[in-house]
Amino acid sequence: MTDTGSQLQNLNIGDQKKVKLEELPLFEFEKLAAATNNFHLSNMLGKGGFGPVYKGKLESGQEIAVKRLSKASTQGLEEFMNEVLVISKLQHRNLVRLLGCCIEGEEQMLIYELMPNKSLDAFIFDPLQRKDLDWKMRFNIIEGIARGILYLHRDSRLRIIHRDLKASNILLDDEMNPKISDFGLARIFNGGEDSEINTRRVVGTYGYMPPEYAMEGFFSEKSDVYSFGVLLLEIVSGRKNTSFYNDEESLSLVGFAWKLWNEDNILSVIDPEIYDPCSENSILRCIQIGLLCVQELPKERPAISTVVMMLISEITQLPSPNKMKSAMTIKEFRVNATGSKNSIKKGKQTKWLLGLDEAHDHLMWLMMQLDNLIKEREEMDRKHHTNP
């Protein structure tokens, strides 16, 4: 590992100003290639918009995770610089730790501490693995994520909006402590908790985006709060927010949870693996907090500092979340439009107007279909490369 960051001083994207990173340790490409067995496919942990991530072991015996920028990704290069700029200034027990980077020729890589238990989605969405996560462990994960977000929004040197909080970006250490990762889309923010920024380029993961961001490009600290609410409901239920795309009754886990809440049947959303009468009040309290976080209007969602207080204090009485105005079903969305306004008649073509929440859910459903097609194509490509 070299002791100078001079190679990084001239790295910029378009008109982006030069970023000095002399304090960030640099790793040599040859040592990273050796640590990952020349970036062998068997060492690949996953792949995102940035590029593939590999596990490796340095000569010292330290295990690392290496994010290697895809040469074909201009978005990845921008995320690379953004992630280095943001996370190099952050330190918290619930954030993944950046060890250094590598800039050699066309190679750009970020080196992190390796999380032995991989990501949260590998546990809570796996029928076998999630049996190992009892309610106590799940609650500790929920609280840890909330504390990590609180640090980003309030306690760090910078005020950061993550913008891509999701189960696959929550890594788990050897004691199952959660660590927020992937700061490629994060933004440094100077406004108050209810201040908003407008962007022309909406980035992130559909299903975790709040309506105002997905539909209009407005994001704020309350955007992260919404994503946290989705995560909380996923952890409690053991189901993906996007797992309802073929379901006739609900568009998403969030829509399903609102439906059950409105019907006074919210117990049905709880994962049977964690249900215990002794823990029922604690679980129901968390579900209520989750619903408060996914309310349609940003001003109605609590600040993350309030969320943490709600989680750690059983004395605090929770406000009742505002019920979603309507939760249209996928069956209803598939109806072609002709006929009377705001009505849906079974077996007939109808015409209806979409409110903001319905339009958001409809967009989510369409993006889910696209995501599934992309995943199927990636799986076919991977099989092709594995068995040429």
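We number each residue from 1, following the sequence as shown.
S252 places a side-chain N or O within 3.5 Å of a backbone atom of G255 that can act as its donor or acceptor partner. Side-chain atoms of N94 come within 3.5 Å of backbone atoms of P178 as a donor-acceptor pair (strictly under, hydrogens ignored). Remark: side-chain polar atoms of S227 are paired, donor with acceptor, to backbone N or O of S223 under 3.5 angstrom. Within the 3.5 Å criterion, the main-chain N or O of L69 finds no donor-acceptor partner in the side chain of Q108. In this structure, N241 contributes its side chain and L253 its backbone to a donor-acceptor pair below 3.5 Å. A donor-acceptor contact shorter than 3.5 Å is absent between the side chain of E300 and the backbone of Q295. In this structure, the side chain of D173 engages the main chain of E175 through a donor-acceptor pair within 3.5 Å.
In this structure, V269 is a member of the same hydrophobic cluster as W261, with clusters built from ILVMFWY side-chain heavy atoms closer than 4.5 Å. Using a 4.5 Å cut-off between side-chain heavy atoms of Ile, Leu, Val, Met, Phe, Trp and Tyr, with links allowed through other members, L45 and L172 fall into different hydrophobic clusters. Residues F139 and L120 are members of one and the same hydrophobic cluster, defined by side-chain heavy-atom contacts under 4.5 angstrom among Ile, Leu, Val, Met, Phe, Trp and Tyr. By the criterion of side-chain heavy atoms lying less than 4.5 angstrom apart, applied directly or through intervening Ile, Leu, Val, Met, Phe, Trp or Tyr residues, M137 is grouped together with I270 in one hydrophobic cluster. Both I235 and F125 are members of a single hydrophobic cluster when ILVMFWY side chains are connected at heavy-atom separations under 4.5 Å.
Salt-bridge formation is not detected for the pair K55/E63: no Lys NZ or Arg NE/NH1/NH2 atom is positioned less than 4.0 Å from an Asp or Glu carboxylate oxygen. Ion pairing between K67 and D182 holds under the 4.0 Å rule for side-chain N and carboxylate O. For the pair E221 and R159, the salt-bridge criterion is met [side-chain N within less than 4.0 Å of a carboxylate O].
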Exercise for review: List the steps, then state whether side chain to side chain contact (heavy atoms under 4.5 Å, CB included) holds for V96 with I180.
Suggested key: CA-CA 6 Å; V96 70; I180 299 171; over 6 Å; no
Practice item. Applying side chain to side chain contact (heavy atoms under 4.5 Å, CB included), run through Q62 and L99 and close with a yes or a no. Key: CA-CA 11 Å; Q62 182 179 12; L99 301 177; 3.5 Å; yes
Exercise for review: Show the numbers, then the answer: is there a side chain to side chain contact (heavy atoms under 4.5 Å, CB included) between F27 and V66?
Suggested key: CA-CA 11 Å; F27 287 74; V66 182; over 6 Å; no
Check your understanding: Given the rule in the side chain to side chain contact (heavy atoms under 4.5 Å, CB included) test, do N37 and Y54 qualify, once you have shown the distances and angles that lead to the verdict?
Key -> CA-CA 10 Å; N37 192 18; Y54 300 88; over 6 Å; no
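Q129 contributes atom CD, which lies 12.0 Å from atom CD1 of I124 (distance to the nearest 0.5 angstrom). For the atom pair I149 CD1 and L231 CG, the distance stands at 7.5 Å (nearest 0.5 Å). Distance check: L98 CG to Q91 CD gives 10.5 Å after rounding to the nearest 0.5 Å. L185 CG to I161 CD1: the interatomic distance, rounded to the nearest 0.5 Å, is 12.5 Å. Here the CE-CD1 distance, from M115 to I170, works out to 12.0 Å after rounding to the nearest 0.5 Å. In this structure, the separation between OH on Y112 and CG on L171 is 9.5 Å, given to the nearest 0.5 Å.
The side-chain hydrogen bond (donor to acceptor under 3.5 Å, both in side chains) test with Y208 is passed by exactly one of R163, K166, E234: E234.
Residues satisfying the side-chain contact (heavy atoms from CB on, under 4.5 Å) criterion with E30, sequence neighbours excluded, are absent altogether. Under the rule for a side chain to side chain donor-acceptor pair (under 3.5 Å), the partners of S119 that lie at least two apart in sequence or sit in another chain are D121. Listed by chain and residue number, K259 satisfy the salt bridge (Lys or Arg N to Asp or Glu O under 4.0 Å) test with E263 (two or more places apart in sequence, or in another chain). Contacts of K179 classified as salt bridge (Lys or Arg N to Asp or Glu O under 4.0 Å), with partners at least two apart in sequence or in another chain: none. Under the salt bridge (Lys or Arg N to Asp or Glu O under 4.0 Å) criterion, K136 pairs with no residue, sequence neighbours left out.
Atom CG of D174 is surrounded by more than 12 heavy atoms from other residues, nucleotides or ligands within 6.0 Å.
What you find for A65 and V53 is that their closest heavy atoms are CB-CG1, 4.4 Å. Closest approach of M44 to P52, counting heavy atoms only: CE-CB, 3.8 Å. Contact detail for S320 and Q288: the closest heavy-atom pair is CA-NE2, 4.0 Å. The two residues L232 and C286 have their closest heavy-atom pair at CD2-O, 3.0 Å. Taking each heavy atom of W135 and I142 in turn, the nearest pair found is CH2-CD1, 4.1 Å. Of all heavy-atom pairs spanning D224 and I160, the tightest one is OD2-O, 4.3 Å.
F183 has its side chain within reach of L152: a pair of non-hydrogen atoms, C-beta onward, lies under 4.5 Å apart. In this structure, W258 and E296 have side chains that are not in contact, with every pair of non-hydrogen atoms separated by 4.5 Å or more. Residues F39 and N43 are not in side-chain contact: their nearest non-hydrogen atoms beyond the backbone lie 4.5 Å or more apart. Counting heavy atoms from C-beta outward, M310 and L292 have side chains that approach closer than 4.5 Å. Contact annotation: the side chain of D134 never approaches that of D276 to less than 4.5 Å [non-hydrogen atoms, C-beta and beyond]. By the 4.5 Å heavy-atom criterion applied to side chains, P210 and K222 are not counted as neighbours. For the pair I289 and V307, the minimum side-chain heavy-atom distance is below 4.5 Å. Side-chain atoms of L133 and I274, non-hydrogen and from C-beta on, never get closer than 4.5 Å to each other.
The salt bridge (charged side-chain N to carboxylate O under 4.0 Å, His left out) analysis of residues 137-151, with sequence neighbours excluded, yields the pairs R138-D271, E143-R147.
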